[in-house]
S.K.: 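One structure coming up, written as structure tokens, with questions to follow.
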Amino acid sequence: MPAKFAFEMPVAALSREQEAIEHYQDSRTDAAFEALFRALCPRLLLYFTVRGCDAGVAEDLTQNVMLNVYRHSGMVRDRSLFRAWVLRIAHNELVQHWKRLGRQVQTIDLDSCTAALLERAATHPGGCAVEFAEAMEQLLPQERQVILLRYVEQLEYREIAAVLEVPIGTVQWRAFVARRKMAGYFRRRVV
Amino acid sequence: MMHGFSEAQWMAYVDQELAQPDRARIEAHLKECPDCRRMCGELLTGHRLFSESALRLEEDLRVADEEVERVVALGMMRLNEAPLLNRIDQLLSALAPICGSAAAERSMKMAALEAANSSVHGLTESHWPDFVSHLSANVALLCGCAAGSLIARTGAQLAAGEVV
Amino acid sequence: MIYTRTALTAIWTAAGAAFCLGALRSLMILLSHASAAAAIREVLTPALLLAHIIATVLAIVVTLDLPRGSAMRRAWWLMSASGASACVRYIVEWIAEWSNWTAATEPLIGIRQIPGVVALILLVASLSLIWMSFARMGIGLSLRSRDLLAILAVVVLLPPIVLFRENLADAGSMYSAIRHMQFSQPFLLACSGALAIVLLHISEEVGDGQLSRSLKYLAWFLILRLVLMMCAIVPAIQQIVPLKVVRGGCNGAMPWLFTLAIAYRWKLVADARTALGQVWARPAQEVALPPPAFMRK
């Protein structure tokens with residue numbers, strides 16, 4: 001029997017977010033939206049920063065995402081997938097941003113993520129960026145997407161499936177493979 | 001599938017999210033299968049490593065509360081022009097089938113620059129007449145006077161609050 | 001808007017029929033059925049003329065819809081004039097056919113080069129102005145490396161054509177002016193081919209929509225013309241039998257591609273007018289905005 005291990009998610013932050021989402025979906029007032037914005041803003045800023053955007057671009061894209069949320073939240077059919085829907089918008093905004101920069105984008109490949117994190121590590125020594133970037137480099141792009149959404153954005157598998165628009169089985173398989181690869185990488189590093 | 005259990009079940013077990021009776025079945029299997037015990041160990045290690053490094057990364061990249069407040073304040077300011085954004089959306093959907101979505105967006109950006117020296121999202125109510133005028137002129141140059149007049153008329157009706 | 005869809009369907013049908021007839025004619029020639037080939041040609045030549053007449057009329061409609069004094073309006077006037085010049089050229093071809101003129105028997109047949117070259121010059125000028133008009137909106141300014149490669153590919157087509165220019169229809173004319181005009185055609189076609197690559201890039205940049213489609217068809221028409229000229233006069237390519245049949249089909253259908261390009265652009269005008277009519281029909285409660293600049297005297 002494996003040793004017990006509890007993944008200690010920052011429960012307080014998640015529940016604040018969930019409260020703000022539910023309050024906005026129920027009331028749809030501007031005050032509720034502002035609270036939702038405040039709750040989702042750190043998550044969105046982190047989303048864009050981890051994927052290679054500098055602070056100014058991350059702020060702009062975050063605002064664009066929330067504008068879209070405000071205008072189109074009435075279209076969300078499954079309320080439990082609201083977070084996934086917001087991150088799907090963020091994904092699309094990022095793709096549009098890169099297209100505007102003239103880059104060819106098939107998926108949000110996270111080579112820019114690892115490059116950005118390594119760059120950050122150079123200017124912020126002692127940080128965790130390089131460690132995470134090196135870990136991500138062991139994975140395929142599709143696996144990186146799933147791991148980032150699971151562990152950084154802290155989504156459930158069904159939410160990840162909704163963001164990436166792939167079956168949940170595919171998401172779980174990619175997470176399964178990524179975890180085993182990570183274990184192998186760690187073993188090799190220790191040796 | 002591995003020895004009769006799906007990847008999802010293995011991961012749920014490792015994450016202590018698997019309900020009975022599947023949990024009992026897996027535990028019974030693990031007593032007899034060293035390969036699966038090793039695989040569980042790898043899953044657990046991978047999970048722990050990802051979790052820890054992601055948590056540290058998040059702490060490292062965390063934005064200060066003041067920054068969040070600033071972004072929210074700016075965002076809410078932009079939102080006050082949301083009715084205008086709906087109009088812009090409707091103009092865009094009227095224009096895109098005619099000259100193409102990219103050309104439509106480019107025309108709107110140019111018109112916003114000419115009318116208000118700002119981006120499309122920076123337009124205010126007072127800029128609207130000039131914006132529509134410039135946009136319809138740009139559209140006329142690309143697609144003809146009929147299309148330009150259509151945009152001019154649509155812009156006027158949107159300003160009056162009509163649904164087009 | 002049913003009439004625009006009907007018109008487009010008719011043009012597509014005509015293009016398909018022209019392709020089939022052209023391919024059939026080439027097959028008849030290969031099988032030495034000269035009379036059948038001649039009979040098909042009697043249908044094809046007026047059909048080519050009809051294609052250009054329709055294109056010219058529609059181009060004039062498009063021109064009249066554009067703002068006065070604009071570069072785009074001038075471009076479309078040039079396009080209309082090019083179409084009209086091409087009509088004159090096909091009238092001469094038709095007369096030559098009726099009169100059984102050939103380049104060997106009747107030197108006057110060479111006068112078809114005059115409207116032909118004029119049509120090409122006007123077309124190149126029109127395409128240049130269209131590019132300039134888009135460029136003022138910031139569209140079509142930055143060509144990608146693959147566009148430059150495509151332009152290079154167009155330029156590379158030129159040497160074989162120049163090398164075998166003696167195989168051109170009026171290369172042996174007794175009038176030196178006619179011969180010079182004939183020899184200028186490959187260069188003019190190459191210019192239009194290079195501009196076609198730019199148009200393709202612009203059509204991708206504007207995205208989807210009718211404008212993009214019109215530009216694409218225009219670009220492919222221009223590229224096809226150049227390729228067909230090369231296939232017609234380079235001996236190595238002439239020997240490939242299956243290609244002769246396809247080439248015959250493409251020769252028949254090619255002018256209709258031009259007509260389609262103009263027709264899609266015309267459809268944009270027609271649809272906009274229809275939509276405008278519907279908008280005007282609504283009760284006039286809008287805020288009084290000043291008329292757009294292009295409508296002010």
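Just so we're clear, the structure is a prediction, and the values are computed from it rather than from any experiment.
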S.K.: Do any N or O atoms from the side chain of C:D65 and from the backbone of B:A146 form a donor-acceptor pair under 3.5 angstrom?
M.R.: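 Yes, C:D65 side chain to B:A146 backbone: donor-acceptor pair under 3.5 Å.
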S.K.: What part of C:L66 is in contact with chain B, defined as an atom under 4.5 angstrom from a non-hydrogen atom: side chain, backbone, both or neither?
M.R.: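 When you check distances to chain B, atoms from both the backbone and side chain of C:L66 fall under 4.5 Å.
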S.K.: Using side-chain heavy atoms (C-beta onward) and a distance below 4.5 Å, is C:Q210 in contact with B:P97?
M.R.: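 They are not in contact (no side-chain heavy atoms under 4.5 Å apart), so the answer is no.
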S.K.: Is there a side-chain contact between C:L268 and B:I98, using heavy atoms and a 4.5 Å cut-off?
M.R.: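 Side chain of C:L268 against side chain of B:I98, heavy atoms only: contact under 4.5 Å found.
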S.K.: Which one, C:R73, C:R265, C:R273, C:E204, leads in non-hydrogen pairs under 4.5 Å with chain B?
M.R.: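 Looking at each option in turn, the highest pair count goes to C:R265.
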S.K.: If you round to the nearest 0.5 Å, how far is CZ of B:R106 from CE of C:M137?
M.R.: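 Reported to 0.5 Å precision, the distance equals 8.5 Å.
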S.K.: Quick check: are there more than 12 heavy atoms from other residues, nucleotides or ligands sitting under 6.0 Å from CH2 of C:W131?
M.R.: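 Not more than 12 within 6.0 Å, no.
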S.K.: Please look at C:R136 and chain B and tell me whether the side chain, the backbone, both or neither of the residue comes under 4.5 angstrom of a heavy atom of that chain.
M.R.: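 For C:R136, the contact with chain B is made by the backbone alone.
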S.K.: Supply the atom-to-atom distance B:L142 CG to C:M72 CE, rounded to the nearest 0.5 angstrom.
M.R.: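 Separation between the atoms: 5.5 Å.
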S.K.: Does some side-chain heavy atom of C:V206 sit less than 4.5 Å from a side-chain heavy atom of B:C99?
M.R.: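 Contact flag for B:C99/C:V206 side chains = no.
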